[in-house]
Amino acid sequence: MHLHIPLSSINHKFEQIAGRKDRIIVYNKADLADDSVQQPIIDAFKQYRNQHVIFTNANMDKNVKKIIDFAADKHKQDPSRYPFISVMVVGMPNVGKSSLINSMRRIGVRKGKAAKTGALPGVTRSVAVTSIKVLEDPPVYLVDTPGVMIPHLPDPESSLKVALTGGIRDHLSDEVVMADYLLWRLNNFGNFGYVENFKLSGPTDDINFLLPVISKRIGALQKYGEYDLKTAATFFIKQYRNGKYGKYTLDDITVDSLNNYFVNENNPDKQVLLSKNQEKKLLWNKKREKRLERWKRQGY
Ligand SMILES: Nc1nc2c(ncn2[C@@H]2O[C@H](COP(=O)(O)OP(=O)(O)OP(=O)(O)O)[C@@H](O)[C@H]2O)c(=O)[nH]1
């Protein structure tokens, strides 16, 4: 799962299908997220699901050995029942499944690339599911899935979060709307890195002001010299995905919000969560007004 959206990247349908199969929860791209969310997530998964969680950075092979050890342990517990271990890697598009598999091969069998990786969601598309060896003794095999895990999108804001982290193909969502949401969240986090980056005179809440500035800076113009706002939005989003605007998560991760989430997880009536979301939006709007006042006072 994606540590930028620890809760929005959980797929409830998968939880039902997987049933009682052993599984390990892996949050990849941990290098791009706020470290402080890790312990509350570990505690919540332990308390509500009795599941073990690992935080990885597949590009740097960080903590990836822990996944292999988890699989190998299963064999050690009962070698006759589990002569070899077959692991299915499941996750929403673009979380880094292929990168994780390649990393496991580098660590487990000291071999290079086996699974193709790419920045486009759904790049792992081959229908033929292949088995890849990641450890000789005990034999551990991995099965890559063709990005089939469609994220759970209970409300428009979750869709935006998933789109922003790359879980939905960009051209299927509106890049300008995504960029607007990103700007809003950056301002809420008090992260004004974009101000310096695009040489603005101060923070802004207005995406219609920011995107033309970005277009100009990156030379994104259309045929008749108009600003190419879509390319500017894509550029801004890509910077965020590459960690240019700091390490944080888009989901609200506190002990209370985690408790609320897991308590309601199996409840088909998600209204509690939705109304919580609506409450939050009202609160954010209030904070936004206060922030604008503060900026005015500071002379921006
Ligand atoms: N910063 C960072 N980037 C990562 C990490 N893991 C993967 N990436 C990058 O994320 C992008 C997507 O990685 P993939 O491994 O292709 O993702 P996937 O889940 O297989 O994607 P699909 O094929 O769409 O299902 C690539 O550009 C990777 O380099 C990580 O731990 N940290």
Side-chain angles (χ1 to χ4, degrees), residues 1-11 13-14 25-34 37 41 55-60 62 64 89-103 113 115-126 144-186 188-189 191 193-194 197 207 211 214 218 220 229-253:
M1 290 186 284
H2 201 308
L3 200 49
H4 266 172
I5 44 171
L7 297 179
S8 303
S9 57
I10 297 176
N11 188 306
K13 288 275 179 317
F14 173 71
I25 308 294
V26 178
Y27 276 105
N28 192 39
K29 303 199 183 183
D31 53 311
L32 298 178
D34 177 6
V37 300
I41 291 175
F55 299 90
T56 57
N57 171 356
N59 284 351
M60 305 297 285
K62 195 169 173 215
V64 173
V89 181
V90 184
M92 72 173 210
N94 217 31
V95 284
K97 298 182 296 297
S98 303
S99 305
L100 212 52
I101 289 171
N102 289 331
S103 171
K113 272 197 168 183
K116 197 176 164 205
T117 65
L120 281 181
V123 142
T124 323
R125 245 167 304 147
S126 152
D144 192 9
T145 55
V148 286
M149 213 60 247
I150 296 153
H152 177 64
L153 306 171
D155 56 74
E157 197 181 346
S158 301
S159 315
L160 276 171
K161 288 182 197 169
V162 171
L164 204 49
T165 41
I168 304 171
R169 277 199 173 224
D170 289 348
H171 69 263
L172 296 180
S173 18
D174 186 327
E175 291 88 347
V176 174
V177 175
M178 282 157 65
D180 191 14
Y181 178 70
L182 172 60
L183 179 62
W184 179 46
R185 294 303 305 262
L186 288 176
N188 270 302
F189 284 122
N191 185 331
Y194 65 88
N197 202 17
I207 198 69
L211 290 183
I214 299 179
I218 64 170
L229 302 185
K230 198 173 141 176
T231 303
T234 307
F235 180 83
F236 185 40
I237 292 164
K238 202 168 165 198
Q239 285 192 320
Y240 154 78
R241 286 185 189 154
N242 290 336
K244 177 106 186 155
Y245 296 115
K247 292 164 56 133
Y248 41 79
T249 54
L250 296 173
D251 284 333
D252 178 26
I253 302 297

Residue K247 excluded, over 12 heavy atoms near NZ under 6.0 Å: yes
Atom of G243, atom of L32 and distance for their closest heavy-atom approach: CA-CD2, 3.7 Å
Note, Y27 side chain near T249 side chain (heavy atom, < 4.5 Å): no
Heavy-atom closest pair, residues I41 and P6: CD1-CB, 3.6 Å
pair V176-D180: side-chain heavy atoms closer than 4.5 Å: no
Heavy-atom side-chain proximity of I5 to M92 below 4.5 angstrom: yes
Non-hydrogen atoms of T165 and R241 that approach each other most closely: C-NE, 3.8 Å
Y194 and I214, any side-chain heavy atoms less than 4.5 Å apart: no
Min side-chain heavy-atom separation L164-R185 under 4.5 Å: no
H4 and Y240, any side-chain heavy atoms less than 4.5 Å apart: yes
Candidate pair T231 and T234, rule side-chain contact (heavy atoms from CB on, under 4.5 Å), full reasoning: CA-CA 5 Å; T231 303; T234 307; 5.5 Å; no
F236 side chain near E175 side chain, heavy-atom distance below 4.5 Å: no
Any D31 side-chain heavy atom under 4.5 Å of M60 side chain: no
